[in-house]
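For reference, the structure is listed below as structure tokens.
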Number of protein chains: 2
Amino acid sequence: MQMTGQRQRQADRTAATRTKLIAAARDLFAEKGYAATSTPEVVAAAGVTRGALYHHFAEKLGLFRAVVEEEHALLAMTINAAAGGDDELGPIKALLQGGDAFLTAMQDPGRRRILLIDAPAVLGRAELDAIDARHGLRTLVEGLSAAIDAKAIRQLPLQPLAHLLGALFDRAALADAHALPDYRKAVRALIRGLKV
Amino acid sequence: MQMTGQRQRQADRTAATRTKLIAAARDLFAEKGYAATSTPEVVAAAGVTRGALYHHFAEKLGLFRAVVEEEHALLAMTINAAAGGDDELGPIKALLQGGDAFLTAMQDPGRRRILLIDAPAVLGRAELDAIDARHGLRTLVEGLSAAIDAKAIRQLPLQPLAHLLGALFDRAALADAHALPDYRKAVRALIRGLKV
DNA sequence: TTTGCATACATACAGCCTGCCTGTTATGAA
DNA sequence: TTCATAACAGGCAGGCTGTATGTATGCAAA
């Protein structure tokens, strides 16, 4: 039965084009930002035509959305790989370690630009929060929830606290590399201050 | 001596045009965002021509910069008026009160869009930080410095801590109005956690 | 195997926008 | 009054986005 094989060929073709477009767009968005990146540039870098782009994505925004989704997923993977190991660490230590993993994973300037600088303005807070809720924020909420249940930190509104800590980490990630240790210290102090 | 009067006339003319442009741009940027606002729209709303705009501003970005500066100054004025009164309040109370004033002053959605959503992406973090350093962040740094000197909060790197708290307040300001009390509560807890 | 349809592109086009450039008018010093 | 300069006005070139139309390839059914 070659049906699967044939269908796969189609799917592969589609996937290959999408992948090339997203990869090329990611690099350009990372380097020059969303607004300064034109679709002709993207398709030239990807080795396809604008027709292909607009066949797969309704608009330039859709391509950016896809890039953000992928970058977010990659980020979550990296963090889970780095901080997902130790389970018996205590809720606060787990939070701090997760935060460190996040800051490390965010050292790529392109990633910072896409996720922290452009995405909020291009996609809007609401949509970016929705994406974030499916990836990084979820684990943060879980960690905080565990910490509160274990009475390791004060009882506070979960979602707001998670968003605020997320903003804290985002801001720390934007710090100059040489200032990062100080930011790390301040973040840790703020989190430790939540202890009951 | 009419020299002053004449010079004033020129200056007034310039100031009037600039004011009209900035006011019109502020409203449009607030409503539709920077990218979706065109210079033809702006000049139509301001009742001038594109020639006037490009005479006063080198590019569209310069107009946005001016809007951000003004909005930042207005914000600082509002906060100072609301929270600058009580001087003998204790450093932590003063911080919390200043934060509340900030959140109140940030309730205007247009202001939020301009300062918190668009500005970081359009101007870049570095330039926005430079602007912020001259307005809101300065008072925050002073407040924190006083609190540390008074040994009311733990000794931590000043600039990073200020930027982190700034990010905290920014995020809280973006919360839905109905969730604001919970955000406020969480922010207060985080700040109180800094006590020695 | 062939036929017919859908998917995956390619290309040309219309409309808009930005920044610049050239001309014109108002202003102020001499 | 004269002349220089600032403050505009209007037009133009280049580029970009999204769309519409045309073409080739894949693939399921007859």
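Below, chain A is the first sequence line, B the second, and so on; all start at residue 1.
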Mind checking what makes side chain to side chain contact (heavy atoms under 4.5 Å, CB included) contact with [X], not counting sequence neighbours?
X        : answer
A:Glu142 : A:Arg138
A:Asp149 : A:Ser145
A:Pro40  : A:Ser38, A:Arg50
B:Ala121 : A:Ile117, A:Asp118, A:Ala121

Kindly write out the residues that satisfy salt bridge (Lys or Arg N to Asp or Glu O under 4.0 Å) with [X], not counting sequence neighbours, or none if the list is empty.
X        : value
A:Arg192 : none
A:Glu70  : none
B:Asp129 : A:Arg171, B:Arg125

A:Lys185 atom NZ: more than 12 heavy-atom contacts under 6.0 Å: no

Atom CD of B:Glu127: over 12 foreign heavy atoms under 6.0 Å: yes

By ring pair (Phe, Tyr, Trp, His ring centres under 6.0 Å) - contacts of B:Phe64 (at least two apart): B:Phe29, B:Tyr34

In whole angstrom, give the distance that lies between atom [atom1] of [X] and atom [atom2] of [N].
X       : N      : atom1 : atom2 : answer
A:Arg18 : C:dC9  : CZ    : P     : 11 Å
B:Tyr54 : D:dC12 : OH    : P     : 18 Å
B:Lys20 : D:dA7  : NZ    : P     : 14 Å
B:Glu41 : C:dT18 : CD    : P     : 9 Å

At less than 4.0 Å, is any side-chain N or O atom of [X] found next to OP1 or OP2 of [N]? Yes or no.
X       : N      : value
A:Thr39 : D:dG18 : no
A:Thr14 : C:dT7  : no
B:Arg13 : D:dA6  : no

Using a cut-off of under 3.5 Å, enumerate the N/O to N/O pairs linking the protein to nucleotides 10-12 of chain C.
from, atom 1, to, atom 2, distance (Å)
C:dA10, OP2, A:Thr49, N, 3.3
C:dA10, OP2, A:Thr49, OG1, 2.4
C:dA10, O5', A:Thr49, OG1, 3.4

Strand-adjacent residues in residues 23-30 of chain A, judged by heavy atoms under 4.0 Å from DNA chain D: none

Sorted by number, the residues of residues 55-71 of chain A with heavy-atom contact under 4.0 Å to DNA chain C: A:His55, A:His56

Pairs meeting criterion ring pair (Phe, Tyr, Trp, His ring centres under 6.0 Å) with involvement of residues 100-157 of chain A, two or more places apart: A:His72-A:His135

Among C:dC17, D:dT25, D:dC8, the nucleotide that comes nearest once only the side chain of B:Pro40 is considered: C:dC17

